[in-house]
Structures are given as C-alpha cells and as structure tokens.
Amino acid sequence: MEEIEWGKLPFGYLKTDFNIRAYYREGEWSKIEISDSEFMPVHIAATGLHYGQEAFEGLKAYMGKDGKIRLFRWEENAKRMQNSARGLLMAVPPAELFEEAILTAVRLNKRFIPPYGTGASLYIRPLLFGSGARVGVSPADEYMLLVFVTPVGPYFKEGFNPVSIQIARDADRAAPMGTGRYKVGGNYAASLASGVRAHHEGFASALYLDAKEKKYIDEAGPANFFAIKGNTYVTPKSDTILPSITNKSLMQLAESIGMKVEQRQVPVAELAEFDEVGACGTAAVISPIKRITDRDNGHEYLYCKDGKAGAVSTKLYKLLLGIQYGDEPDNFGWITIVE
Ligand code: PLP
Ligand code: COI
C-alpha cells in the first residue's frame with residue numbers, strides 16, 4: 001500500500017480492499033457478500049438510476065489510543081436508513097444486516113483506519129437503492145445494500161477553524177412535505193448548484209432557509225445548524241432537515257454540561273443575537289462559523305471575532321471527539337467496540 005499521509009487526508013474517496021453487498025430479491029434479503037471490486041453491474045432500468053429510489057448513510061470508525069476501534073451510534077444510522085427506505089418505498093434492511101455489513105467492512109479494511117492522533121477517521125458509507133427494472137414510475141421489486149469505507153479527514157478544509165457560509169434564498173434543498181428528512185440522493189442533487197456556487201463565491205457551504213416561508217433557518221448543505229446564545233444551545237426544528245445524529249448527541253452533551261437546549265424555529269433575524277454558530281454532522285463534526293452572508297442583500301453576520309472558535313463550541317467539540325476516540329467515558333452508551 002502506498003504510504004497514506006493520514007494527517008493530510010481530505011474528505012474524499014480512497015480505494016480500500018473490500019466492500020460489502022447484500023441483495024433483496026423475491027421478498028428476501030440475501031446474506032452479505034464481500035467484494036474487492038469498486039464496480040457493480042446495475043440493470044439499465046434500475047429505479048435507483050432513473051427515479052432516485054436511493055438512500056445512503058454516513059458514520060465513522062475511530063481508532064483509539066488504546067488500539068480499539070470504535071463506532072459511534074451505528075444503531076441510529078440503521079434506523080435512519082430504515083426510515084429513508086420506508087419514505088421512498090424501498091425494501092427495509094434489517095438492523096442486523098446493516099450491522100453485519102458495516103462491521104465486516106470495517107474489519108476487512110482495518111489497515112485503512114487512520115491512526116489515533118491524526119485527526120482522521122474511517123468513513124463508512126452504506127447505500128441502498130432500487131436495483132430492479134421499471135420504466136413506469138413505481139417502486140422496484142429488487143434492492144441492493146452496499147457498504148464501502150474510505151479514510152477521511154475534515155469535510156471542510158478548514159477543519160475546526162471557522163468557516164464562512166452563504167444564505168441562498170433562491171434555492172431549496174428540499175420542499176415542504178418533501179424528502180428533506182430522509183437521507184436520499186435527490187436532496188443532495190438539489191443542493192449541488194447552490195452549493196457549488198457558494199464555493200465559487202468563497203464560502204464553505206450554502207445555508208438553506210425553510211422553503212415555505214423563507215423566514216427560518218433550515219440547515220447547511222451537508223450538516224445541521226446550531227447556535228449558542230448565553231447558556232442555551234439552539235437548533236432549528238423543521239420537517240425538511242435531516243435529523244442529524246451528531247446534533248442529537250450535541251443536544252444531550254449540552255444538557256449534560258448544564259446548558260439549556262432549544263429545538264425550535266430559528267428566524268434569520270435571530271442570527272444577530274447569537275454568540276456562536278456552527279454546522280454539525282458526521283463529516284463536518286463541528287465546524288464553527290465566523291461569517292454568514294445573506295446572498296440576496298449582502299448582509300453579514302459575524303462571529304469568532306478573535307479568529308477562533310467560541311468557547312462553548314470548542315468544549316462540545318472536545319467532548320464529542322473525546323467520546324468518539326475513547327478519551328472520554330462513554331456515559332451515554334454511544335460506542336460499539338469493533339472486535
Ligand atoms: N444534514 C445533512 C443534509 C447531512 O447530509 C448530514 C450528514 O449526514 C447531516 C445533516 C448530519 O447528520 P449526522 O450528524 O447524522 O451525520
Ligand atoms: C455525513 O456527514 O456523513 C454526510 O453524509 C454529509 C455529506 C458527505 C453528504
């Protein structure tokens with residue numbers, strides 16, 4: 001294997017040794033299969049390709065100082081994939097199948113788990129899609145579950161350094177009553193144009209507002225939004241955002257350190273009242289935000305005036321990573337050790 005510079009890894013794809021596949025056919029899930037190919041044959045009329053009958057997940061395996069491999073709340077990812085599957089009328093993978101697929105993928109690619117202390121981790125990407133052929137718009141009768149892994153560094157190149165993001169009022173990643181709460185490819189396809197434009201205009205991500213009223217903050221392209229106001233952790237409540245496992249965990253951690261937690265509508269105007277703001281997710285971890293620019297009117301909301309992440313965001317970041325890498329006690333039962 002070519003030497004990997006663990007500390008310099010971007011959030012990207014790197015070939016690993018094996019991936020895992022399972023098939024749903026004639027009403028039943030197959031046993032898992034191990035593949036060393038990066039390719040798969042797909043029917044030319046598969047619904048996953050034509051009608052977006054597709055969902056994915058993202059979680060990470062972390063190498064501890066003690067040499068143990070830890071998974072963070074994989075059961076939550078399994079549940080969310082099942083929920084996405086139900087939302088798009090796909091076959092629902094049993095949690096045990098999901099578990100066996102991710103554990104096997106991690107075990108077989110152990111040499112790609114970044115060493116402790118490099119700031120990198122092994123990203124696990126489960127994918128579910130309609131593999132059966134349809135030409136009319138209807139759900140497939142066959143599905144495939146695939147799991148690949150790849151070692152990754154921070155999603156935003158800034159890492160834990162504060163980023164700038166852009167409110168995009170002329171774009172929505174999800175419609176009211178649509179699929180925003182599911183982790184389905186279509187939401188990401190819908191976010192590409194505004195996300196790439198935000199990059200070109202110098203921002204790490206777009207920030208979307210609620211699609212109906214354009215008054216409240218929804219989330220960033222690949223991550224939830226949170227804010228700190230005094231001793232309160234504030235995060236949007238909305239049917240069109242992805243229920244982030246990281247955000248849910250941060251809410252619990254915030255409460256555990258004596259903070260108040262408010263999950264509610266967050267009006268754009270309230271951005272002027274926050275002490276700290278950030279994006280959170282498996283890939284993004286916590287990305288502190290230093291500037292939010294409203295693309296329509298040029299209005300800027302500024303944070304991190306000393307150039308550094310805020311004290312509360314930093315504390316939550318350290319706590320979360322500490323649990324994930326095994327440096328902090330797992331008081332909530334979030335960790336699974338991969339034997
Ligand atoms: N929001 C979106 C749109 C995402 O793609 C992700 C990543 O999965 C998140 C939020 C964060 O979710 P989680 O913390 O479960 O990774
Ligand atoms: C994640 O945080 O796992 C994501 O899926 C975000 C992005 C890579 C789509």
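Numbering of ligands and ligand atoms starts at 1, following listing order. Just the heavy atoms: all of them, side chains too, but no hydrogens, waters or symmetry mates, feed the values below.
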Exercise for the section: Please round to the nearest 0.5 Å and tell me the distance separating atom CD of Glu262 and atom CE of Met259. Expected result: 10.0 Å
Practice task
List for me each residue that meets side chain to side chain donor-acceptor pair (under 3.5 Å) alongside Asp330, sequence neighbours excluded, and say none if there are none.
Solution key: none
Exercise for the section: Please find out if less than 6.0 Å separates the ring center of Tyr303 from that of Phe274. Expected result: no
Fill in the blank from the handout: Interatomic distance, NZ@Lys260 vs CD@Glu255, rounded to 0.5 Å, equals 11.0 Å
Practice task
State whether the shortest distance between N or O atoms of Thr246 and N or O atoms of ligand 1 falls below 3.5 angstrom.
Solution key: yes
Fill in the blank from the handout: The side chain to side chain donor-acceptor pair (under 3.5 Å) partners of Arg73 (sequence neighbours excluded) come to Ser249, Gln252
Tabulating one pair per line, provide the atom names and distances (0.1 Å) for every N/O atom of ligand 2 that is less than 3.5 Å from a protein N/O atom.
{"residue": "ligand 2", "atom": "2 (O)", "partner": "Ala283", "partner atom": "N", "Å": "2.8"}
{"residue": "ligand 2", "atom": "3 (O)", "partner": "Tyr123", "partner atom": "OH", "Å": "2.7"}
{"residue": "ligand 2", "atom": "5 (O)", "partner": "Tyr123", "partner atom": "OH", "Å": "3.2"}
{"residue": "ligand 2", "atom": "5 (O)", "partner": "Lys183", "partner atom": "NZ", "Å": "2.7"}

Completion exercise
among protein heavy atoms, the one nearest atom 1 (N) of ligand 1 is Glu219 OE1, 2.6 Å
Exercise for the section: Please list, chain by chain and in numerical order, all residues satisfying side chain to side chain donor-acceptor pair (under 3.5 Å) with Glu54, sequence neighbours excluded. Expected result: none
Exercise for the section: Output the distance between atom OG (Ser191) and atom CZ (Arg173), rounded to the nearest 0.5 Å. Expected result: 6.5 Å
Exercise for the section: Looking only at non-hydrogen atoms, find the nearest pair between Gly159 and Ser287 and report the distance. Expected result: O-OG, 4.0 Å
Handout entry: Test side-chain contact (heavy atoms from CB on, under 4.5 Å) applied to Leu145 and Phe129, Tyr24, Trp29, the passing residue
Key = Trp29
Problem - Non-hydrogen atom of Lys248 closer than 4.0 Å to ligand 1 - result: no
Completion exercise
d(Glu158 CD, Ile289 CD1) to nearest 0.5 Å is 11.0 Å
Exercise for the section: Under 4.0 Å from a heavy atom of Thr282: give me the atoms of ligand 1 that qualify, with their elements. Expected result: 13 (P), 14 (O), 16 (O)
Handout entry: Atoms of ligand 1 close to Gly221 [distance to a heavy atom under 4.0 angstrom, numbered from 1]
Key = 3 (C)
Problem - Proximity flag Glu76 to ligand 1, non-hydrogen atoms under 4.0 Å - result: no
Problem - For Asn224, the ligand 1 atoms whose distance to one of its heavy atoms is below 4.0 Å - result: 1 (N), 10 (C)
Exercise for the section: Look up atom OG1 in Thr16 and atom CG in Asp36, then write down how far apart they are to the nearest 0.5 Å. Expected result: 10.5 Å
Handout entry: Close N or O approach (Ile245, ligand 1; < 3.5 Å)
Key = yes
Practice task
Would you mind listing which atoms of ligand 1 come within a distance below 4.0 Å of any non-hydrogen atom of Lys183?
Solution key: 4 (C), 5 (O), 6 (C), 7 (C), 8 (O)
Handout entry: Proximal ligand 1 atoms for Tyr188, defined as those under 4.0 Å from one of its heavy atoms
Key = 2 (C), 3 (C), 4 (C), 5 (O)
Exercise for the section: Would you kindly specify which portion of Pro222 sits under 4.0 Å from ligand 1, judged on non-hydrogen atoms: side chain, backbone, both or neither? Expected result: backbone
